[in-house]
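All chains are named by letter (A, B, ...) in the order of the sequence lines, taking the proteins before the strands, and each is independently numbered beginning at 1.
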There are 4 protein chains.
Amino acid sequence: MSILILASGGTFDKEYDELTGTLAFEDSHLPHMLELGRCRLEVTVRTAMLVDSLEMTNEDRELLLAQCRRARESQIVITHGTDTMVETAKVLANGLEGSGKTVVMTGAMIPFAFGSSDGLFNLGSALSFVQTLPPGIYVAMNGRYFPWDNCRKNRELGIFEALR
Amino acid sequence: MSILILASGGTFDKEYDELTGTLAFEDSHLPHMLELGRCRLEVTVRTAMLVDSLEMTNEDRELLLAQCRRARESQIVITHGTDTMVETAKVLANGLEGSGKTVVMTGAMIPFAFGSSDGLFNLGSALSFVQTLPPGIYVAMNGRYFPWDNCRKNRELGIFEALR
Amino acid sequence: MSILILASGGTFDKEYDELTGTLAFEDSHLPHMLELGRCRLEVTVRTAMLVDSLEMTNEDRELLLAQCRRARESQIVITHGTDTMVETAKVLANGLEGSGKTVVMTGAMIPFAFGSSDGLFNLGSALSFVQTLPPGIYVAMNGRYFPWDNCRKNRELGIFEALR
Amino acid sequence: MSILILASGGTFDKEYDELTGTLAFEDSHLPHMLELGRCRLEVTVRTAMLVDSLEMTNEDRELLLAQCRRARESQIVITHGTDTMVETAKVLANGLEGSGKTVVMTGAMIPFAFGSSDGLFNLGSALSFVQTLPPGIYVAMNGRYFPWDNCRKNRELGIFEALR
């Protein structure tokens with residue numbers, strides 16, 4: 001039983017580019033983070049794209065859906081920018097109905113490359129939820145999990161919360 | 001629904017004491033780690049003791065058991081040294097039989113105070129498993145969870161593995 | 001004999017603002033960094049301003065000059081964005097001629113808040129040069145020191161180099 | 001003009017060995033630290049030994065002296081455990097009298113591998129002092145420099161101070 005981890009970008013994987021002084025993407029930090037966590041799960045890491053979630057297009061979302069559909073794994077973790085995580089979750093929920101797959105989306109409020117990131121905590125959390133939650137699409141943030149249709153990002157507080 | 005986190009020491013919480021040049025305990029890093037993880041679970045953190053797990057006595061184990069029994073929470077995470085984690089798990093398993101509680105034990109191979117620690121990953125993992133696993137005593141390490149009686153630490157590799 | 005440290009902003013002191021997802025200033029990291037370095041020099045830390053050096057105005061530079069002039073300390077370290085560090089150095093050089101003061105400017109290519117920053121190295125370096133160099137205006141970066149008028153930032157390489 | 005950096009061990013270069021749970025030496029962190037500091041000095045890094053300074057023998061000290069003597073560089077930085085730094089400095093001072101070399105010894109109160117180390121600050125400091133101080137043997141710690149014969153480690157406070 002193995003787990004697929006799809007990187008799609010977001011704050012999670014942002015780097016500080018010292019020549020331009022801006023935040024940008026290089027490679028995903030996922031392999032390094034799995035090493036740090038001494039992770040011994042059988043995982044496949046794939047970088048679907050590395051984009052800001054505010055710039056994620058419908059095509060990007062369809063690509064993520066296609067990768068989830070095609071995957072032989074039934075447990076999938078997706079790292080994603082927090083701003084449109086729920087939007088992508090909706091696309092996946094519609095497209096994966098009845099597939100029997102458990103998809104857990106997670107991200108970070110602070111880039112992993114910063115010492116003070118929540119990324120490693122969230123990755124440990126998402127990988128654990130994906131092994132134990134029944135099929136469906138979930139968001140795992142702040143130590144909690146939310147079914148995708150009962151979740152929103154509270155932008156003032158910078159946290160995720162249930163709708164009801 | 002709230003979660004009790006009991007600190008018992010172990011590598012997880014070790015500090016470098018710069019006056020003596022040795023590893024020692026000061027306070028638990030758990031509050032700081034929960035902050036880093038932007039954890040929004042309702043948790044109570046209690047430091048039961050801060051000892052090396054090789055120096056943990058039967059009294060210490062009975063104290064942990066007593067704290068688990070007395071707890072009004074039915075979901076409990078215990079941070080613990082890895083060397084005798086399974087031994088403590090056995091004491092808890094015997095004493096909590098039929099209690100309906102889910103106890104997840106976790107630790108770290110590298111002190112959290114070191115930059116390269118697995119502690120934050122493991123904490124995210126343990127807090128997630130405790131919310132989703134049925135009652136019982138578990139060890140959560142290396143991204144995996146093990147029922148306490150199907151688990152051992154492989155000291156050569158520094159990882160946990162199933163017995164069968 | 002005491003040293004004045006003036007913070008003026010730049011990459012050195014930038015933070016990741018998790019609500020907006022951008023780099024911004026909060027407070028200077030200097031006090032924390034001096035603590036990390038176990039610095040036992042007699043220093044006064046003053047935040048003159050916290051701005052991006054590309055947005056630094058003539059007024060800002062005059063303010064820095066005024067603070068250097070007014071200072072009772074004859075050894076001054078200024079943290080500053082790297083892009084216009086030499087420009088500010090020129091203003092200081094003209095205004096402090098004959099003052100007998102040693103001013104060492106330094107900065108960082110990566111914000112201190114990132115784990116991989118050069119800031120702590122540069123701060124240790126600047127504080128050492130300021131104690132040992134004769135009066136004048138200097139730039140301390142990359143472990144080296146440059147008289148202000150024999151120095152430029154090579155933007156392609158992200159390093160400082162001598163003009164001749 | 002190039003600088004020789006000799007690693008001799010001490011807290012500076014200690015690692016956490018996750019299989020034994022003890023502090024031990026692996027390789028020197030100096031190359032990585034010079035990279036972090038974006039150091040562009042012409043330096044040669046050599047690991048003379050990696051030992052605890054409390055276990056440093058007369059032979060070790062003679063070896064360091066021999067390496068300093070033989071060096072074509074006249075500027076030398078030595079990383080060393082803090083407990084017997086001054087003792088080694090004395091051996092070097094006697095043996096390098098009249099050599100015209102500037103030797104700056106430094107170390108760390110916290111291993112570099114810990115996030116909260118003073119090592120990077122001290123390295124920046126030592127590399128700067130060695131470029132600007134006249135020939136002699138010095139200790140650079142806490143942002144300060146001390147001629148070797150006017151210096152001691154205050155073990156209660158964990159800092160270096162002048163004798164008079």
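- Ring planes of Phe146(A) and Phe160(A): tilted class, angle from 30 to 60°.
- Proximity to chain A (any heavy atom under 4.5 Å) is restricted, for Ile159(B), to the side chain, taken from C-beta onward.
- A donor-acceptor contact closer than 3.5 angstrom links the side chains of Thr84(A) and Arg61(A).
- In this structure, chain B has heavy atoms under 4.5 Å from both the backbone and the side chain of Leu41(A).
- In summary, the side chains of Thr22(B) and Asp17(B) do not present any donor paired with an acceptor at a separation below 3.5 Å, with no hydrogens or angles considered.
- Contact count versus chain B (heavy atoms, under 4.5 Å) is highest, among Ile110(A), Val43(A), Asn122(A), for Ile110(A).
- Neither the backbone nor the side chain of Ile3(B) comes within contact range of chain A; no heavy atoms are under 4.5 Å apart.
- Taking the side chain as every heavy atom from C-beta outward, Met141(B) and Thr106(B) approach each other to under 4.5 Å.
- The backbone N or O of Ser128(B) lies less than 3.5 Å from a partner atom in the side chain of Thr132(B), making a donor-acceptor pair.
- Both the backbone and the side chain of Leu36(A) come within contact range of chain B, each with at least one heavy atom under 4.5 Å from a heavy atom of that chain.
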